[in-house]
Amino acid sequence: MTINLSQFKNTKIYFFITILTFVIYGNSINNEYSLDDNIVVDGNVMVANGIKAIPKIFQTRYATGKQEYEYRPLVTSSFAIEKQFFSQLPESQTIKDKKRKDKLTQANISHFINVLLYAFTCILLYYFLSKLLHNYNIIIPLITTLIFLLHPIHTEVVASIKNRDEIFVLIGMLLSLLWFLKYSETEQLKYLIYGLFATFFALLSKPNSLMIFGLAPVIMYFTKANYKKIAIVLFSLLLIYVAFVLMRKGLLTGKANRNLLFFENPLFYQGTWLDRITVGLYCSWFYLHMLIYPLEMSFYYGYNQIPMATFGNWQVWVAIIIFIPMGVFGLIRFFKRDVIGLGIILWLGVMLGVINILFPIVGIVADRFTYAFSVGFCLVLSVLMLKWFKIDTSINVINVKIPSGFLMIFLTISILYSTRTIARNSDWHDYITLYTTDIEHLTESAKAHALLANTLYPM
């Protein structure tokens, strides 16, 4: 089969990505509130006040009450805007009420917006990759984006309203990197400023946006930006982060009150650096098999669903055998500005921040933590498939021969991923549906059982 790439206009690709996103995630729109939505939107009095509450939201931490979380005012403000325009709708419906008369709810609107934002993210990802990999044709960006779009590991981010913060962060990161690349190419100061505004947007959404300090130099080095421009971008990022910290300090009063419990992650209370490394290696293995194909996704893992692994766990040794050679190979290829090396660095580099080695993570692992570094995984997978079938990705190639074997494998991956995603969306319908579905394989998770018990028998 031969395809003519000149027929793949960007507008057609954007339209296709949008339609495909709603086909895959459309069944999540009829979901109601679920895990942790009660912290930020479901029953949140401040958010219920609509747009007039936004100034107060910017002076308040992400969640208030018994425990207070980080500073994420943009996400909460987006919920307040929704309440302003859709307050006439019922907040949510029970399954029993839906069977009697299915009404449009505020929760449905939030789910629709999440799907729309995910579609925009995928369009932005394709556009970013096409600019980043401008020495290649559009096959690599397109295949990478489609795998990313269909991957079921993203269901927690899209089908959970509360996890809109992850969507906002990735949007901010992609926009920042796009404008930093534009600044590197044109030396126009306005693009540097645009990139800093996008970074500020991400910082106001979730703290993991600090990954930009690693991503920016990686992306700029890959595109052969000179070291002076890389230094200017990093220094500017430092300034915008200082401005963010000062703004947060000036607007907030008191200290965050977040009591971290043992069953959320024992590493908060015990363990050496060696313990962190073995747990991190175990988490690396966990994320690898979840990225390949996630069979048992869960709303929460924690102790002891994820054990405090030692060198006695076979998963630790498998991770050593896989990831150390992969990391070395990835570095070598990255310094040669090979796209496979870039994919590995984006995958392993971002993953390093969520596997408990640098600092303990609440819940130890989570499906949503894969959201950013899955971009690297999808890029690696797409490049390996294209190389295996010797598909020409040169920029000057218009008519590309696609072997039937490639089509069969890509179609198989697409079907497996999309069917798993669609099935998983319905698990997030509401609190009790999610808990009772996942608890069957969460046999060792103390927190998961506590959440189910508190929902069935509220105090």
Side-chain angles (χ1 to χ4, degrees), residues 36 38-41 44-81 83 162-177 179-180 189 192-217 231-261 264-265 267-268 350 352-354 356 358-363 366 368-369 371-372:
D36 285 344
N38 59 307
I39 296 176
V40 293
V41 59
N44 187 309
V45 177
M46 186 183 304
V47 168
N49 288 325
I51 292 176
K52 65 181 181 182
I54 291 179
K56 183 65 176 177
I57 288 172
F58 271 79
Q59 300 175 50
T60 310
R61 289 185 172 82
Y62 186 51
T64 57
K66 292 182 179 179
Q67 300 206 75
E68 296 182 350
Y69 295 74
E70 305 99 339
Y71 188 56
R72 309 178 196 178
L74 275 186
V75 185
T76 313
S77 296
S78 74
F79 297 138
I81 294 170
K83 295 289 186 180
K162 171 260 178 190
N163 284 308
R164 185 178 297 175
D165 50 7
E166 298 285 356
I167 300 178
F168 275 13
V169 167
L170 189 54
I171 288 174
M173 293 295 95
L174 292 173
L175 287 172
S176 297
L177 295 172
W179 278 317
F180 290 151
L189 185 61
L192 176 62
I193 295 172
Y194 295 161
L196 295 176
F197 271 113
T199 300
F200 200 69
F201 173 91
L203 287 169
L204 290 170
S205 301
K206 195 174 182 181
N208 64 347
S209 54
L210 289 173
M211 72 179 86
I212 191 65
F213 281 93
L215 291 175
I232 289 173
V233 167
L234 284 175
F235 181 71
S236 301
L237 285 172
L238 180 61
L239 290 180
I240 205 70
Y241 179 67
V242 170
F244 165 75
V245 171
L246 292 175
M247 187 195 84
R248 182 181 62 187
K249 185 177 180 180
L251 291 174
L252 297 179
T253 57
K255 294 184 179 180
N257 177 30
R258 178 70 167 93
N259 295 322
L260 299 168
L261 304 176
E264 291 181 299
N265 191 334
L267 291 174
F268 286 118
V350 178
L352 182 63
V354 294
N356 297 276
L358 301 180
F359 42 80
I361 302 293
V362 175
R368 66 184 180 276
F369 294 159
Y371 190 56

Separation of [Y] [atom2] from [X] [atom1] (nearest 0.5 Å):
| X | Y | atom1 | atom2 | value |
| --- | --- | --- | --- | --- |
| T60 | L251 | OG1 | CG | 9.5 Å |
| Q59 | Y71 | CD | OH | 8.0 Å |
| L177 | I212 | CG | CD1 | 4.0 Å |
| N44 | I39 | CG | CD1 | 10.0 Å |
| R368 | N208 | CZ | CG | 10.0 Å |
| S78 | F168 | OG | CZ | 4.0 Å |

Is the F213 ring parallel, tilted or perpendicular to the Y241 ring (thresholds 30°, 60°)? perpendicular
*Angle class for the F244/F200 ring planes (parallel below 30°, perpendicular above 60°, tilted otherwise)?*
perpendicular
(message) Between V169 and M211, does the side-chain contact (heavy atoms from CB on, under 4.5 Å) criterion hold? Intermediate values first, please.
(response) CA-CA 10 Å; V169 167; M211 72 179 86; 4.3 Å; yes
With a cut-off of under 6.0 Å to the ring centre and 45° to the axis, is R72 in cation-pi contact with Y62? yes
Sidechain-backbone polar pair: [X] side chain, [Y] backbone, donor-acceptor under 3.5 Å:
| X | Y | result |
| --- | --- | --- |
| S209 | S205 | no |
| N265 | P360 | no |
| E264 | L261 | yes |

Side chains of [X] and [Y]: does their closest heavy-atom pair fall under 4.5 Å?
| X | Y | result |
| --- | --- | --- |
| L192 | V233 | yes |
| V242 | L246 | yes |
| L196 | F180 | yes |
| I167 | Y371 | yes |

For G172 and F201, the nearest pair of non-hydrogen atoms, with its separation, is CA-CD2, 4.1 Å
Minimal heavy-atom distance between S176 and G195, with the atoms involved, is OG-O, 3.2 Å
For this session: Start with the C-alpha gap between T199 and L203, add the side-chain angles, then the distance that decides, and say whether side-chain contact (heavy atoms from CB on, under 4.5 Å) holds.
Result: CA-CA 6 Å; T199 300; L203 287 169; 4.2 Å; yes
